[in-house]
Amino acid sequence: MADADGALSHDSHASAPMTCDIVLAGVGGQGVLSVSAVIASAALAHGLQVKQSEVHGMAQRGGAVSANLRLSDRAIASELVPRGCASLLLAMEPLESLRYFPFLSPTGTVVAATTPVENIPDYPPLESVLDAIRTAPHAVLVDATRLAREAGSMRAVNMVMVGAASNLLPLGADALEHEITRRFERKGAAIVEQNLRAFRAGRTAGRP
Amino acid sequence: MSQHVLRGDEAVALGALDAGVTAAYAYPGTPSTGIVEALQARHAANGSAPGFWTANEKTAYEAALGVSFVGRRALVVMKHVGLNVAADPFMNSALVAPHGGLVLVVADDPGMHSSQNEQDSRVLADFARIVCLEPASQQEAYEMTREAFDVSERFRIPVMVRLVTRLAHTRSLVTTAPPRAANAIRKPDDTMGWTLLPANARRQWRALLERQPDLRAWAEASPWNHVDDGAPGATLAVVTTGIARNYFLENVGDLARRPLHLHIGAYPAPAELIAGIRSRVSRVLVLEDGYPFLERQLRGLGLRDHSVCGRETGDLPPDGELTPDLVRHALGLPVRPGVPTPDLHVPSRPPQLCGGCPHADSFQALRLALGEHADAVIASDIGCYSLAALPPYSAVDSCVCMGASIGMAKGAADAGHRPAVAIIGDSTFLHSGMTPLLDAAAANTSMTVVILDNQAVAMTGGQSTLVPSSRLEQIVLGLGVQPERLHVLDTHPTKHAANAAVLRDAIASDGLSVVIMVRECVETARRHLQERRHLPLVSEDVDG
Ligand code: SF4
């Protein structure tokens, strides 16, 4: 489905459908929807079909948030990722990833940030949460907070996670970098660079 | 023709613009809010048709009626429970004779992602005897909204477009068609068609009933309703409505034999098409993201008739949002294995008041004020502050519908309960709180109304309230509240004790008192600060 450097093979249309189902998870205010939007926009620019579903309404911060993102080289039916179909479970917060394991395909990968958001009284010990994530057949834990700090901005955590996920997407890194550049352009070159650095650090850290 | 990546609600907005809509009206309500927001953004950018926020859904509907009355196209938008508020103009609008297209878009919320019930608006379209269109994709949301205006003008009825949360909040590619010009202003030649005095109303009602066969014939022939023959000799027929079709198509490839498939996107239900498929199979499965609306029509009163199955036969859950997995189960397909959930208790994480939320401070002061009154009735309302029903606040007793807090506190007081307190936000007060406050003022009921004035419609994303909150005091006084019984407090952590004293006094005294607790929502305050500094807003950074 993807060649060595992650680019989509466009001549594969006649063969099996290329689909990439992603479940995104996090806590309200973390930017789950912006992560989803970056990947979706890059995929669209890459010529893929996209269905990007999110549920929001309560404006308050701090509750569990999830989004579904489906990419394919042909028409996508359901807006929701069916159980057992996600090739990627991308979590901005470790505990939040655990809610969606049934959606992850046995051949899929969970990519989770390791920094907890402990805004509930009964948050389990972090090590037990990380151990639980490691029970997945393919798990990648990313210290996104540290990588974002090293890239120059705590606000770039989201782009670290896009980077960590990028190895598993049917898109080249260039498509994502292009989208990140487009998105942050109006904030100036320094911010663009920060986010690209964050993306690349995530991409390296997320290499399976 | 051009292509855009749009959410369902944005597709509706574009469909209305391209249909030549003249104005749109709405009160914010998830998941419908994005429609008027999209219109407002375009209006600001290029002067296209405006989208107005109104006091509530009823006033929105009536303004739309006025646009239609002068021959132009009007859009009115609300969430499902908003249609209850607008039910009076809605039901009666079916009897008038709009000649400017009148389109009502209602966004239902199966699964109650952010609502207090999951009523299905298709029932109300049927109740009003009008046409309903139900899109299954963002593309259809665009096309159906456009077509709804034409159908409205053709049959001279309002037309409903029914969305669900999942469709409104999913993005995909939409291809648009060249826009149509707006209608010229034209007052109706015969205003008797708009004057529902009994004699006229009887005539108009009969005319609406006489048009029903035409509506049915239109639905039978509509391309939104279509049959896919399935495999030869199929014994199962599947009827899908709205986005249930997508969940069916997601799974159908795994079935050994493709069922006969009827998709319904246009109502009144096409009886001939339905009869046609029923005669060819022994069993019909009805998939609807909402009530078992068609399922019940198909089954009629034959309760034990399991040749029609769906939510009422246990093939699908009786409530909640439909999912591809529920549909898969109903089709008899095995569960796809996922990764097993690890053996660790994952506590739930409900939404919470934002850090620094002014409501949190108001509830602190209220708790201090109530002190020994452990049995106080604290009737609350619709807004962020309803979260105070949950720990750690556990500060309110009810949340029923827009404005109910004041009426319920009055009822509890009338019944003899003291203290009785109503908690209501500024925007909810303007929506539906003024009339019950008038009741309480007229009777000088012994109760206290606390208006939490955060200067925003916060829960739906921080829209501005209709009037600046400085006008709240005049409104309250104008409704007949005694000036000495109105208190305006700055709600702030440093002022808990003083604010609690005022509240305690108000609650202890006989008669009606109103306490307005003022401080801006931290979310909108942050945004306004950014706007003042002319910083670009990165809206994608905000989710909820
Ligand atoms: S959005 Fe505003 S009103 Fe709502 S919880 Fe947050 S700060 Fe409070």
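All values below come from the heavy atoms of this structure, side chains included, with hydrogens, waters and symmetry mates left out. Reminder, nothing fancy here: chain letters follow the sequence lines and each chain counts from 1. Quantities reported herein were computed from a predicted structural model and do not represent experimental measurements.
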What do you reckon, is NE2 of A:H138 surrounded by more than 12 foreign heavy atoms closer than 6.0 Å?
yes

Any idea which of A:D131, A:L98, A:I133 has the most non-hydrogen atom pairs under 4.5 angstrom with chain B?
A:L98

What part of B:P340 is in contact with chain A, defined as an atom under 4.5 angstrom from a non-hydrogen atom: side chain, backbone, both or neither?
backbone

For B:L326, is it the side chain, the backbone, both or neither that has a heavy atom under 4.5 Å from a heavy atom of chain A?
neither

Report which part of A:N119 has an atom under 4.5 Å of a heavy atom belonging to chain B: side chain, backbone, both, or neither.
both

Option that, when pairs with chain A are counted at under 4.5 Å, heavy atom only, ranks first among B:C357, B:P392, B:S348
B:S348

Side chain, backbone, both or neither: which part of A:T135 has a heavy atom under 4.5 Å from chain B?
side chain

Using non-hydrogen atoms only, which part of A:L95 is less than 4.5 Å away from chain B: side chain, backbone, both, or neither?
both

If I measure from the heavy atoms of chain A, does B:A168 come under 4.5 Å with its side chain, its backbone, both, or neither?
neither

With a 4.0 Å cut-off, would you call B:R527 and B:E523 a salt bridge?
no

Flag yes if more than 12 heavy atoms outside B:H329 fall under 6.0 Å of its NE2 atom; otherwise flag no.
no

Would you mind checking if A:K51 and A:E79 are paired as a salt bridge, meaning a charged N to carboxylate O distance below 4.0 Å?
yes

No-hydrogen, no-angle side-chain donor-acceptor test under 3.5 Å, B:Y27 and B:S427:
yes

Where does A:V117 contact chain B at under 4.5 Å (heavy atoms): side chain, backbone, both or neither?
both

Checking heavy atoms, do the side chain of B:L249, its backbone, both or neither come under 4.5 Å from chain A?
both

From the list B:H345, B:R245, B:R171, the residue making the most non-hydrogen contacts under 4.5 Å with chain A is B:R171

Presence of salt bridge, A:R197 and A:E150, under 4.0 angstrom:
no

Top contributor to chain A interface from B:G8, B:P347, B:G338, B:S172 [non-hydrogen pairs under 4.5 Å]:
B:P347

Trace of the salt bridge (charged side-chain N to carboxylate O under 4.0 Å, His left out) decision for B:D254 with B:R336
CA-CA 11 Å; B:D254 293 345; B:R336 284 196 194 87; 3.6 Å; yes

Counting only non-hydrogen atoms closer than 4.5 Å, does B:V346 touch chain A with its backbone (N, CA, C, O), its side chain (CB onward), both, or neither?
both

Are the charged groups of B:D228 and B:R258 less than 4.0 angstrom apart, N to O?
yes

Part of A:V129 lying under 4.5 Å from any heavy atom of chain B
both

Neighbour count >12 (heavy atoms, 6.0 Å) for atom CG, B:D343:
no

